[in-house]
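Just the heavy atoms: all of them, side chains too, but no hydrogens, waters or symmetry mates, feed the values below. Within every chain, numbering begins at 1; the chains are lettered A, B, ... in the order of the sequence lines, protein sequences first and strands thereafter. Source: prediction; values computed, not measured.
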2 protein chains.
Amino acid sequence: MATRTDAPTRREQILKEAARLFAERGFHGVGVDEIGAAVGISGPGLYRHFAGKDAMLAELLVGISGQLLTGGKRRVAEEDGDPGALLDSLIEGHIDFALDDRDLITLHDRELDRLRDSDRKLVRQLQRQYVELWVAALREVYPGLVEQEARMAVHAVFGLLNSTPHLGRTSSLPGRGATARMLHKLARGAFAAAAAPVSPDGSPE
Amino acid sequence: MATRTDAPTRREQILKEAARLFAERGFHGVGVDEIGAAVGISGPGLYRHFAGKDAMLAELLVGISGQLLTGGKRRVAEEDGDPGALLDSLIEGHIDFALDDRDLITLHDRELDRLRDSDRKLVRQLQRQYVELWVAALREVYPGLVEQEARMAVHAVFGLLNSTPHLGRTSSLPGRGATARMLHKLARGAFAAAAAPVSPDGSPE
DNA sequence: GAGTTCGGTTAACGCTCATTAACATTTTCG
DNA sequence: CGAAAATGTTAATGAGCGTTAACCGAACTC
C-alpha cells in the first residue's frame, strides 16, 4: 500500500513524459528518442524499462481506465444513501481527473485504436464498467430514465467533462475551482434535462 | 455557384475516403496506398489531385470549419427575433453535422496539430468565429452569463454534442431522430444550468 | 573483491512510407 | 487527325524511426 513517496521511479517519469508527448503530438507523432530526451536518457535506453513504444501506450491507457474505475467504485462504496450525493461525487471525481490529468484524458479517447487487441479489449471492458457505474447512479437519481437513455446521457456528459483539453487555447481559464464548479453545474444540468419527460425548455418541436 | 450534382469528382471521392480512413486510424495510421485503393486508383496516383497527404488533411479540416461557420452564419442571418429559436437552430445544425459527418467531427479535434502553421491558424480562426457565434446567441438567451462563462459552456456543449462518435460502440443507437432529440435536450439542459445563478440542484457545496 | 545485475551508451539494421521519376493511355479540342 | 493536357501505372528514392546489437561503468551482493 505504498504509492506515494516511494520515489518517482524512472518508469513513472517515462510514463508521465510519454503521456504528455503523446497527448501533444499523437502516438505516431512522437519518437522514442524524444521520450528518452524528456527524461534525460536518450533513445533506446527506454528499452531497459519497457518492451517497446506500444507497451508504454498500453500501460498508460490501461492505467487510466483502471484509475477511473477504481475511483468510481470507491465512491460508490462510500455512498451513504443519498443518490444525488453519489452522482455529485462521481462527477467531482471525473472533473478532478480531467483537470489534473488532461493529457491522459486526451490520450484516452484518441489513441485507443493503436493498442494490441487484448489490451484494447481490456481497456474497453474497464471503460464499460465505469460507464455502468454512472448509469446505475444516474438511474438511481432519475428512475424515469430508461437504460439506453441513461447510457447515452452518460457518454455525452463524459464528452462534456472531457472538453477541458480544448479550453485554454481560447482564453485563460477562470481558475481551477471556478472551472470545476462550472463543469459540475453543466453536467448536472444535462442530466436533469435528460430526465425531463418532454419539451425540455418550452419549444414544442 | 455549382456544388451539387456537378458529379462526385475524383477529388471529392478521395477526400471522403481519406476522411473516413483518417478518422478510423488516425492521420499517421493511414498510408497513401490505402487511400488510393479506397477510390480504385493506387498509391501515387493521388498526387495528380493533391500536393501531398498533408494537403488532403488541410483541405478536410479547413472545409469542416468553414462549413460549420457558414451554416452557423446562415442560421444567425435567418433569426426572426426569437433568441431561443436561434440557439435551438444552432444546436440542431451542429447535431446534424455531428451525426451525418461523424468522421469529420472526429478529425476536427484530433488531427489539428498535424497541419502547417498557416493552415492551423486558419482553422483556429474559423473555429473561433463559430464559437463566438454561439457565445453571442447564448448570451442573448441568458443575459446573466458573463462572456467567459458562456464561452466555457459553449466549448463544453461542443464536447457533449461531439460525443456521438464514441457511441455506437457500446450499444446500438436508438435511431437517429431520437438520438438527435436527446442530444438537443442535454445541450439545452447544460446551457440552462450554466445560467442558473447558484447551487444548480440543491447541494450547497 | 570478483561477479552479476542494472541502467545506460552509440552504431547499425530493416521496415514503412511519402514522394518523385519515368513511362503509358485516354481525353480534349483546335 | 494530331498535339497537348489529364490521369494512371510501376519502380526507385530517401528519410524517419522502432528496435536490436555490442559494449561499458557503477552498484550490489556473497
Do Tyr130(B) and His94(B) make the cut of ring centroids closer than 6.0 angstrom?
-> yes

Within this structure, what is the [atom1]-to-[atom2] distance between [X] and [N], rounded to whole angstrom?
X: Phe50(B); N: dT19(C); atom1: CZ; atom2: P; result: 13 Å
X: Arg114(B); N: dC17(C); atom1: CZ; atom2: P; result: 16 Å
X: Asp33(A); N: dC17(D); atom1: CG; atom2: P; result: 8 Å
X: Phe22(A); N: dG18(D); atom1: CZ; atom2: P; result: 9 Å
X: Asp54(A); N: dC17(D); atom1: CG; atom2: P; result: 15 Å
X: Arg48(B); N: dC23(C); atom1: CZ; atom2: C1'; result: 10 Å
X: His28(A); N: dC15(C); atom1: NE2; atom2: C1'; result: 14 Å
X: Lys53(A); N: dT16(C); atom1: NZ; atom2: P; result: 15 Å

Any side-chain N or O of His49(A) under 4.0 Å from OP1/OP2 of dG8(C)?
-> yes

Within the pair Arg10(B) and dG8(D), is there a side-chain N or O less than 4.0 Å away from OP1 or OP2?
-> yes

Quick one: do [X] and [Y] make a salt bridge, cutoff under 4.0 Å?
X: Glu78(A); Y: Arg75(A); result: no
X: Arg176(A); Y: Asp100(A); result: yes
X: Arg20(B); Y: Asp101(B); result: no
X: Arg124(A); Y: Asp119(A); result: no
X: Lys16(A); Y: Asp103(A); result: no

Using distance alone, with no hydrogens and no angle criterion, decide if Ser118(B) and Arg116(B) have a side-chain donor and acceptor under 3.5 Å apart.
-> yes

Where along residues 37-47 of chain B does a heavy atom come under 4.0 Å from DNA chain D, residue by residue in number order?
-> Ile41(B), Ser42(B), Pro44(B), Gly45(B)

Identify which nucleotide among dG8(C), dG18(D), dG8(D) has an atom closest to any side-chain atom of Val32(A), counting heavy atoms from C-beta outward.
-> dG18(D)

